[in-house]
Visitor: 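Starting off with a structure, shown below.
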Amino acid sequence: MKKIAFLEITEWDKDYLKNFSDFSSKCDFFEEEISLNNVNKFSQYEIISIFINSKINKEILDNLSNLKLIVTRSTGFDHIDIEECKKRNILVCNVPEYGSHTVAEYTFGLILMLLRKLYDAYHQVRETGSFDLTNLRGYELYGKTLGVVGTGRIGKNVIQIANGFEMNVLAYDKYPNNELLKQLNFKYVSYEKLLQNSDIITFHVSYTPQTHHLLNKDNIKLVKKGAYIINTSRGGVIDTEALYEALKTKQIAGAALDVLEEEGIIKEEQELLLLSKNNLIDSEKLKITLLNHLFIDLDNVIITPHNAFNTEEGLKRIIETTIANIEYYLNSKPINLVK
């Protein structure tokens, strides 16, 4: 039997995997992510399943000579050096569909929290006992224009929910889905026109070199003054510095971000100081990390901890698809391969 390791595993994951006892009995489970400090621990494994905190790069792969298959328990795969894996004939599988409803619902949770000031209202009553409505006036979604960047599975569900709110929906996709146009009420436009005409802009694209800083210091100037930005995709899709400046100047009225650029670099300020002192973090990443901390203090920004995927149903689908990815590979019929 080929050796299988599950990394970044939680007690919940292990408990759910017990429902697949024939499969789980063949696996070893580890709570930690893979790193240069512990990579030798996994050198015997032919198959590893990871989550987004394990960064698979050339240095890691140099220490995994037996590795043949990486299965990431996520849709995104920017934490894996795909080209390096190809050079070594290592297959990479992902979970292409598990959270399309999960993330779309969360997106609208963020939109409502931002425009209807739900957090402010909750915080005010809880912390002060005040029922004063003076600073709690928000905006309806009805009749507003939602700009959806990316019309894949998640974007489709976002459009569907927006139709329920009777919003006007503009969409941009490099590869428009004409069948979707027949099913739902929205209009494809150029990316520039979407930025110029949307009251709320939400991003639902994978992170690739082509989508890096899709919203940047040059095109953010096109965004309609007073618009709101929502990001539940990947932090690198938005230029952190450009967004911060637009929020500070009030060109953009507010943002709700479930993901941050370079979010994996830093957890605590003390760690930041140590990395900076020892020149272990480059200046650009340091600047982004500092801005991420400043975001949290802006009263027109909502930050959540990369939580959009996190539902009982979504997590079950992740495990089930991961098992299928491994079993199909073992039967020489790999599925959900990242190209």
Side-chain angles (χ1 to χ4, degrees), residues 4-10 12-14 16-17 27 29-35 42 45 47-57 60-61 64 67 69-86 90-107 150 152-158 203-212 231-238 257-265 304-329 334-339:
I4 304 169
F6 272 68
L7 287 76
E8 302 180 72
I9 208 80
T10 67
W12 184 94
D13 294 323
K14 284 192 279 189
Y16 189 61
L17 277 160
C27 304
F29 300 107
F30 304 89
E31 294 181 4
E32 71 259 48
E33 62 205 52
I34 199 166
S35 69
F42 308 105
Y45 292 98
I47 302 168
I48 62 170
S49 173
I50 60 171
F51 195 48
I52 58 175
N53 293 313
S54 289
K55 311 300 180 186
I56 307 295
N57 53 31
I60 294 291
L61 292 171
L64 299 173
L67 187 61
L69 176 70
I70 300 170
V71 183
T72 182
R73 300 190 302 280
S74 62
T75 299
F77 46 84
D78 51 290
H79 51 298
I80 303 170
D81 188 333
I82 301 299
E83 291 306 312
E84 194 63 36
C85 288
K86 287 179 181 176
I90 297 170
L91 299 178
V92 180
C93 297
N94 71 339
V95 182
E97 166 58 17
Y98 73 89
S100 58
H101 292 287
T102 301
V103 176
E105 290 172 4
Y106 196 90
T107 297
R153 294 180 179 94
I154 296 171
K156 170 190 172 184
N157 287 327
V158 167
F203 290 85
H204 302 287
V205 294
S206 299
Y207 181 65
T208 67
Q210 290 71 41
T211 61
H212 175 71
N231 191 10
T232 56
S233 59
R234 283 291 188 269
V237 168
I238 295 177
L257 309 170
D258 187 49
V259 287
L260 295 171
E261 194 172 8
E262 304 296 354
E263 65 185 30
I265 289 179
T304 57
H306 207 142
N307 191 50
F309 73 95
N310 191 18
T311 62
E312 193 89 5
E313 296 85 354
L315 293 174
K316 286 179 178 178
R317 285 192 287 269
I318 289 173
I319 295 295
E320 290 161 7
T321 305
T322 297
I323 292 171
N325 284 343
I326 293 172
E327 289 187 333
Y328 270 82
Y329 166 79
I335 59 172
N336 297 323
L337 291 175
V338 173
K339 306 296 185 184

Visitor: Taking atom CD1 of Ile90 and atom CD of Glu84, what is their separation to the nearest 0.5 Å?
Guide: 8.5 Å
Visitor: Quick one: CD1 on Ile319 to NZ on Lys14, what's the gap to the nearest 0.5 Å?
Guide: 12.0 Å
Visitor: Would you sort out whether Thr304 and Tyr106 count as a side chain to side chain donor-acceptor pair (under 3.5 Å), showing the intermediate values?
Guide: CA-CA 11 Å; Thr304 57; Tyr106 196 90; 3.0 Å; yes
Visitor: Looking only at atom types and distance, does a side-chain atom of Thr321 sit under 3.5 Å from a main-chain N or O of Ile318, one as donor and one as acceptor?
Guide: no
Visitor: Name all residues meeting the ring-ring contact (aromatic ring centres under 6.0 Å, His included) criterion together with Tyr16; count only those two or more places apart in sequence or in a different chain, and write none if there are none.
Guide: Trp12, Phe20
Visitor: Of all residues at least two apart in sequence or in a different chain, which pass the salt bridge (Lys or Arg N to Asp or Glu O under 4.0 Å) check with Asp78?
Guide: Arg234
Visitor: What I want to check is whether the side chains of Asn325 and Thr322 have a donor and an acceptor closer together than 3.5 Å.
Guide: no
Visitor: Please check this pair: side chain of Arg73 against backbone of Glu8, looking for a donor-acceptor N/O pair closer than 3.5 Å.
Guide: yes
Visitor: What residue among Thr72, Ile50, Ile82 forms side-chain contact (heavy atoms from CB on, under 4.5 Å) with Ile56?
Guide: Ile50
Visitor: Answer with yes or no after comparing the ring centroid distance for Phe51 and Phe309 against a 6.0 Å cut-off, counting only values under it.
Guide: yes
Visitor: Could you tell me whether Glu327 atom CD has more than 12 heavy atoms of other residues or ligands within 6.0 Å of it?
Guide: yes
Visitor: Looking at residues at least two apart in the chain, or sitting in another chain, which of them share a salt bridge (Lys or Arg N to Asp or Glu O under 4.0 Å) with Glu313?
Guide: none
Visitor: For Asn310, does its backbone N or O pair with a side-chain atom of Asn307 as donor and acceptor, under 3.5 Å?
Guide: no
Visitor: Can you name the nearest heavy-atom pair linking Ser35 to Ile60, along with the distance?
Guide: C-CD1, 3.5 Å
Visitor: Can you name the nearest heavy-atom pair linking Ala104 to Asn157, along with the distance?
Guide: CB-CB, 3.6 Å
Visitor: Rounded to the nearest 0.5 Å, what separates atom CD1 in Ile34 from atom CG in Leu7?
Guide: 5.5 Å
Visitor: Do His212 and Glu261 have side chains that approach each other closer than 4.5 Å (heavy atoms only, starting at C-beta)?
Guide: yes
Visitor: Roughly how far, to the nearest 0.5 Å, is CD1 of Ile238 from CZ of Phe203?
Guide: 4.5 Å
Visitor: Run the ring-ring contact (aromatic ring centres under 6.0 Å, His included) test against Phe30 and tell me which residues pass, sequence neighbours left out.
Guide: Phe42
Visitor: Between Ser100 and Lys156, is any pair of side-chain heavy atoms under 4.5 Å apart?
Guide: no
Visitor: Does the side chain of Ile4 reach to within under 4.5 Å of the side chain of Ile326, using non-hydrogen atoms?
Guide: yes
Visitor: Identify, with sequence neighbours excluded, every residue that meets salt bridge (Lys or Arg N to Asp or Glu O under 4.0 Å) alongside Lys86.
Guide: Glu83
Visitor: List the residues meeting ring-ring contact (aromatic ring centres under 6.0 Å, His included) with His101, not counting sequence neighbours, and say none if there are none.
Guide: none
Visitor: Looking just at side-chain N and O atoms, do Thr232 and Asp258 make a donor-acceptor pair shorter than 3.5 Å?
Guide: no
Visitor: Looking at Ser49 and Val71, would you say the former's side chain and the latter's main chain have a donor-acceptor pair under 3.5 Å?
Guide: yes
Visitor: Would you call His79 and Ser74 a side-chain contact if the rule is heavy atoms closer than 4.5 Å?
Guide: yes
Visitor: Kindly compute the distance separating CD1 (Ile48) from OG (Ser54), expressed to the nearest 0.5 Å.
Guide: 7.0 Å
